[in-house]
There are 2 protein chains.
Amino acid sequence: MSNLSHSPNRWLRVNLDAMSPTSRPRNSRSGPVPAATVSRLTLYLRELGDLAEKGEETISSSRLADRLGITSASVRSDFQFIGVSGVSGRGYNVRNLIEQIKDSLGLSLVQRTIVVGMGNLGRALISYPGFQSRGFEIVAAFDTDPRKIGVRVGHRVVQSLEELESVVKTQKVSLAMLAVPAEVALEVAKQLWSAGVSGILNFAPTSLGEGEYVNVDVAAELQQLSFRTRSKGAARAAE
Amino acid sequence: MSNLSHSPNRWLRVNLDAMSPTSRPRNSRSGPVPAATVSRLTLYLRELGDLAEKGEETISSSRLADRLGITSASVRSDFQFIGVSGVSGRGYNVRNLIEQIKDSLGLSLVQRTIVVGMGNLGRALISYPGFQSRGFEIVAAFDTDPRKIGVRVGHRVVQSLEELESVVKTQKVSLAMLAVPAEVALEVAKQLWSAGVSGILNFAPTSLGEGEYVNVDVAAELQQLSFRTRSKGAARAAE
DNA sequence: AAATGTGAAGGATTTCACAGCG
DNA sequence: CGCTGTGAAATCCTTCACATTT
């Protein structure tokens, strides 16, 4: 349930009648939010966070676009998909924009997250300070290696995978970051889904089959970078 | 915005059985390789590596497609872009495929890479064993913190950024992974480009402006995952 | 004047569907 | 047969351009 209990305000003009998770405002460019839009929404959030810190109150589509190297039309069209409106001649209200993007990404409440696999990468993830401010809280860490279980990493104690299901339930975990060796990634992923996790961010270079997941494959990104530096001399930076 | 792709015809050469290191086929679906294709090529490489290990000699577009959750037409069309051909009724030769994809991504030679920033993430990257087999060698590590310089991480000794330029030159470094705090990322990126690095894989959640780079923003990926798990119940897993 | 909101145009990418080959 | 190679169709995404709003 999205709770937009902000006081009415002249910048914000959304139809927030009964927004159940799957319903969309209808002054939007109707239809489902395109994947390309979703991916840009996360970038807008990043920039808007900066702007808010600097005390900026409004932002125009074209200034925001410039910061990201995209077109202003693209920005406006993305905002329409999530039903955000601005003010002609002035722009969009930064604070509202942040709330509405968060809301449409399912980030109005902090998402409770776990890390599975306490190798170098898993430990780095646990200690990374940037999650909290972007909507995620790491509530537990897991490994199978008995030598690692019970050890403190950051400010969490590593637990056995046997405790997975109960932790997911009692702690209301929704997402997991999977940082285990590729050989076991699929197997552990199945355990995660069956324990009730709803999505996995997978750092192993493997497909995970049926469930909901996103891969982060650093070597693959390097390979794409390699291609760009070879072929086009004047390529646009992207992310 | 301006689309300044200025790559009409660079070098066009055949690469069927005659072998010449850097060649670009012409029985391709002419024109530049689409970004979407490039990103899938890296995934094909991953799967093909597995298949090769298992001793498979050929693979059909549809079996490969199934493994990645995409369509076989997509696979065939991607292969056409890089001028790879298969055999009717049989499929594609795994070993050749690997070579040709590597070739078209600029990976026929190992790419010499550095890591800048020896925090938790930088150290995890240095120790990650998966780069070598996918075409990258980490040849040096850098930090600015005097307490870290001279320290051994993995099997490299951390160097000062002052040595950057000379290392890039003498070691023929082409790519860098940037794992420094967001506040200094842009500044360090400029140093990297001016030292002669041709592409940067940026782990800080910031845009880097003009040069050639790709961002890996873990929190942003989590946010996209969050969206997917909220909205569509029957979403396709992707990467 | 400055900026939004949006049809319509234009590209890019994906998928279809099927002829033809081994 | 099974599978490739490929035009053509379909879909998705981006950008243009301009009327409209504050």
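Note: hydrogens, waters and symmetry copies are ignored here, and every other heavy atom, side chains too, is used. In what follows, every chain begins at residue 1, and chains take the letters A, B, ... in the order their sequences are listed.
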message = Checking Ser194(A) now: which residues fulfil side chain to side chain donor-acceptor pair (under 3.5 Å) with it, not counting sequence neighbours?
response = none
key: For Ser72(B), all residues meeting side chain to side chain donor-acceptor pair (under 3.5 Å), sequence neighbours excluded   =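 Side chain to side chain donor-acceptor pair (under 3.5 Å) list for Ser72(B), sorted by chain: Arg76(B).
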Minimum side-chain heavy-atom gap [X]-[Y] below 4.5 Å:
X: Gln223(B); Y: Phe136(A); result: yes
X: Leu192(A); Y: Val188(A); result: yes
X: Tyr213(A); Y: Asn215(A); result: yes

request  = Scan residues 45-65 of chain A for pairs that pass ring pair (Phe, Tyr, Trp, His ring centres under 6.0 Å), counting only residues two or more places apart or in two chains.
outcome  = none
request  = Would you classify Ser72(A) as touching base, sugar-phosphate or nothing, given that sugar-phosphate means primed atoms plus P, OP1 and OP2, and contacts are heavy atoms under 4.0 Å?
outcome  = nothing
message = With salt bridge (charged side-chain N to carboxylate O under 4.0 Å, His left out) as the rule and sequence neighbours excluded, what pairs involving residues 58-73 of chain B come up?
response = Glu47(B)-Arg67(B), Glu56(B)-Arg63(B)
key: Salt bridge Arg134(B)-Asp217(A), side-chain N to carboxylate O under 4.0 Å   =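 Here Arg134(B) pairs with Asp217(A) in a salt bridge, since their nearest N and O are under 4.0 Å apart.
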I need the [atom1]-[atom2] distance between [X] and [N], as an integer number of Å.
X: Ile82(B); N: dG5(D); atom1: CD1; atom2: P; result: 12 Å
X: Arg76(A); N: dC18(D); atom1: CZ; atom2: P; result: 14 Å
X: Ile70(A); N: dA12(C); atom1: CD1; atom2: C1'; result: 17 Å
X: Phe79(A); N: dT15(D); atom1: CZ; atom2: P; result: 15 Å
X: Leu68(A); N: dT15(D); atom1: CG; atom2: P; result: 13 Å
X: Leu97(A); N: dA3(C); atom1: CG; atom2: P; result: 15 Å

message = Are there over 12 heavy-atom neighbours, none belonging to Glu57(B), within less than 6.0 Å of that residue's CD?
response =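 It does not: Glu57(B) CD has 12 such atoms or fewer within range.
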Give each protein N/O atom lying under 3.5 Å from an N/O atom of nucleotides 20-22 of chain C, with the pair distance.
unit_1  : atom_1 : unit_2   : atom_2 : d
dC21(C) : O2     : Ser88(B) : OG     : 3.4

Are there any protein N/O atoms within less than 3.5 Å of an N/O atom in nucleotides 11-14 of chain D, and if so, which ones and at what distance?
unit_1  : atom_1 : unit_2   : atom_2 : d
dT14(D) : OP1    : Arg40(A) : NH1    : 2.8
dT14(D) : OP2    : Arg40(A) : NH1    : 3.2
dT14(D) : OP2    : Arg40(A) : NH2    : 2.8

inquiry  = It should be established whether Tyr92(B) places a side-chain nitrogen or oxygen under 4.0 Å from OP1 or OP2 of nucleotide dG2(D).
reply    =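 So the side-chain polar atoms of Tyr92(B) never come under 4.0 Å of the phosphate oxygens OP1 or OP2 of dG2(D).
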